[in-house]
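To start, the structure itself, in structure tokens.
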Amino acid sequence: MTKKKKAIICRCEDLTEEDVLDAIDSGYTDLDELRRFLRIGMGPCQGRVCIPLVKRILEKKTKKKISYKKMPSSRPPIVPVSLGTFTSRNKNEEKKKN
Amino acid sequence: MKKKRKTDVVIIGGGITGCYLAYLLSKKNLDVMLFERNYLASGATGRCGAGIRQQWSTRENAELAKKSVEMFEKLSSELGEDIEFTQGGYLIAIHDKKELNQSKKNVEMQRSLGIKVDIINPDEIVNIAPVLDVKGMDAIAASFCPTDGHANPFKTTFALANKAEENGAEIYTDTNVSEIIVDDKKINGVKTDIFDVSTNIVINAAGVWSKSIAEMININLPSIPYRKEIMVTERLIPLFKCMVISFRDGIYFSQQPEGHIVGGIPIPEEKPGFKTLPTFDFLNHMANTLTRYAPTFKNVNMLRHWTGFYDVTPDARPILGESDKIKGFIQCNGFSGHGFMLAPMVSKILTNYISDGKESDIINSLSINRFKDKKISHERNVVG
């Protein structure tokens, strides 16, 4: 049982099932509040792994179904992109002009 | 039938100022109910750059900010929760002689209030933040205040709300206020989704939505919503401690305690309105400007990019205090992008006014009446 609670839920932010349960116990019972308190879903993977897991843990714990409308937003650029890539837009436009 | 409830104060809005007011008013043994239509810190508070700065061009803002910093310094121990307050300073780039003259005036005023701030040369800029390229920044100097800093907006808001509830305040999230009831030019109560409340005081702390709250009782606020965009990169080893900003370029960025670089910049063609979609123009403009300030960041990955709102007033300063048209209707909005950093002192002044009737020069000079006589003095030190 103890082993199970140490299961990693969010690898980006290094959070275990126990961390999530503790946060729910201290009153963060909204998916968005949990996200902002724990930073789940805000790492490089953008919550692909952790958000569905946290949703299930929260539903089980609060015995309330969470609607898909209430799922946290995904933010662009969806996958990590280097800042240098975004600056390259200018160079391409300059090339076109020349 | 819905039961009717009674309370001393109703607060509309569960952002930093709403929760700070709930905490301070409940500490004074007043009955407080806070209504937030979404979740706590779901608006501008939870989307902001989280900087705390005392370097302002207007005396009121500088004074509010200085006293707010003194309150932030004690807040973690006061609330019994870590709000992750750090003081790495704010470095404001100065690009030309005109800016230097304005900065000298500001520094003199800020120092007269007891704020530790200096004008530094390019070598000192690089000593403070080695990632910066002074040439790329196009900076001839900078002003630097080491006691400016940063706190975690979510944790600060949650910690204040927790303490307020401990003091007996009632906080209702996912709850709309649908009507404000006025009787003989006095606040009489509010109607919400869950019950009606009878009260004599309503505080309008709904950020950019404050204007529509005030419209419910035909009070016009001059605030305009502006979409603001902001981004966060992957985590890096600690590189620099200060927030770097430029009024000319509009950029601000800092490294968070967890290692991410968080920063924003306005896109030049931005027009006011309730737009929430992030733009590609921002990514391009931000990446260009940020890599000009710190060239090594071109190899750093951006993870997320989101938007929030500034509720901008004609002079970029907040609207505070009681309405002279309707007794008991109190404004705490119009922060023009600087609500998080000013929240402690603003909440304290309003709490003193509500609980003890204590007037203050700051409330008087920031009341909504200032827009009538058109003698407003504009806050120049605005970024983002």
Side-chain angles (χ1 to χ4, degrees), chain A residues 10-15 19 22-51 54 58 62 64 66-67 69-94 96, chain B residues 14 36 38-42 45-47 81 152-155 157-159 161-162 165-166 171 173-174 229-235 253 256 258 260-261 263 276-307:
Chain A
C10 170
R11 280 191 293 184
C12 301
E13 299 292 330
D14 197 18
L15 295 164
D19 293 325
D22 284 351
I24 299 171
D25 281 337
S26 39
Y28 301 101
T29 52
D30 186 294
L31 210 47
D32 259 306
E33 283 180 359
L34 278 174
R35 183 173 67 122
R36 287 170 182 216
F37 184 67
L38 294 173
R39 303 196 64 88
I40 45 160
M42 302 217 262
C45 96
Q46 291 253 27
R48 280 179 186 79
V49 177
C50 64
I51 293 291
V54 174
L58 186 61
T62 59
K64 273 188 211 157
I66 298 162
S67 137
K69 282 183 202 157
K70 294 276 284 179
M71 293 296 273
S73 336
S74 303
R75 305 288 191 196
I78 309 295
V79 290
V81 178
S82 77
L83 288 163
T85 309
F86 289 119
T87 62
S88 64
R89 186 184 173 193
N90 300 11
K91 286 166 206 151
N92 289 339
E93 275 168 14
E94 271 164 34
K96 268 185 217 165
Chain B
E36 161 58 48
N38 213 329
Y39 52 91
L40 297 181
S42 54
T45 300
R47 292 155 192 276
E81 285 184 54
N152 183 319
F154 312 136
K155 293 199 173 161
T157 309
F158 293 148
N162 291 342
E165 283 183 317
E166 221 174 86
I171 294 179
T173 54
D174 271 314
E229 300 179 70
I230 181 166
M231 60 108 228
V232 60
T233 70
E234 61 193 332
R235 292 186 190 210
F253 62 94
Q256 309 291 301
E258 301 95 346
H260 315 90
I261 311 287
T276 54
L277 273 182
T279 67
F280 199 87
D281 287 341
F282 167 82
L283 293 178
N284 189 226
H285 192 45
M286 183 69 196
N288 281 334
T289 315
L290 184 55
T291 55
R292 181 156 67 74
Y293 275 63
T296 50
F297 288 176
K298 67 176 187 289
N299 301 314
V300 172
N301 283 322
M302 183 197 290
L303 296 188
R304 299 162 63 78
H305 158 210
W306 66 98
T307 65

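In what follows, every chain begins at residue 1, and chains take the letters A, B, ... in the order their sequences are listed. Values below: every heavy atom of this structure, side chains too, minus hydrogens, waters and symmetry copies.
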> Are B:Met286 and A:Phe86 side-chain neighbours, meaning at least one heavy-atom pair lies under 4.5 Å?
Replying inline: no
> Looking at A:Gly43, A:Pro80, A:Cys12, which has the largest count of heavy-atom pairs under 4.5 Å with chain B?
Replying inline: A:Pro80
>> Restricting to non-hydrogen atoms, name the atom on A:Phe37 and the atom on B:Lys155 that form the minimum distance, rounded to 0.1 Å.
In response: O-CE, 3.7 Å
> Can any side-chain N or O of A:Gln46 pair as donor or acceptor with the backbone N or O of B:Leu303 at less than 3.5 Å?
Replying inline: yes
> Checking heavy atoms, do the side chain of B:Asn152, its backbone, both or neither come under 4.5 Å from chain A?
Replying inline: neither
> Can you name the closest pair of heavy atoms from A:Arg36 and B:Tyr39 and give their distance?
Replying inline: NH2-OH, 3.3 Å
>> Could you check whether any side-chain heavy atom of B:Glu258 comes within less than 4.5 Å of a side-chain heavy atom of A:Met42, counting everything from C-beta outward?
In response: no
> Testing B:Leu290, B:Thr296, B:Leu283 for side-chain contact (heavy atoms from CB on, under 4.5 Å) with A:Leu83, which one passes?
Replying inline: B:Leu290
>> Give me each pair satisfying side chain to side chain donor-acceptor pair (under 3.5 Å) with a member in residues 71-82 of chain A, each pair once, sequence neighbours excluded.
In response: A:Ser82-A:Thr85
>> Assess the residue pair B:Asp174 and A:Asp30 against the criterion (side-chain contact (heavy atoms from CB on, under 4.5 Å)); give the C-alpha distance rounded to whole Å, side-chain angles, the decisive distance to 0.1 Å, and a yes or no.
In response: CA-CA 10 Å; B:Asp174 271 314; A:Asp30 186 294; 4.2 Å; yes
> OH/A:Tyr28 to CG/B:Asn162 distance, rounded to the nearest 0.5 angstrom?
Replying inline: 4.5 Å
>> Looking only at heavy atoms and a cut-off of under 4.5 Å, which of B:Thr289, B:Thr291, B:Val300 has the most pairs with chain A?
In response: B:Val300
>> The criterion is salt bridge (charged side-chain N to carboxylate O under 4.0 Å, His left out); which residues satisfy it with A:Asp22, sequence neighbours excluded?
In response: none
> Heavy-atom distance under 4.5 Å to chain A: side chain of B:His285, backbone, both or neither?
Replying inline: neither
> Tell me, do A:Pro77 and B:Met302 make a side-chain contact under 4.5 Å, heavy atoms counted?
Replying inline: yes
> Can you tell me how far the CG atom of A:Leu38 sits from the CZ atom of B:Phe154, to the nearest 0.5 Å?
Replying inline: 11.5 Å
>> At a 4.5 Å cut-off on heavy atoms, which part of B:Glu229 comes close to chain A: side chain, backbone, both, or neither?
In response: neither
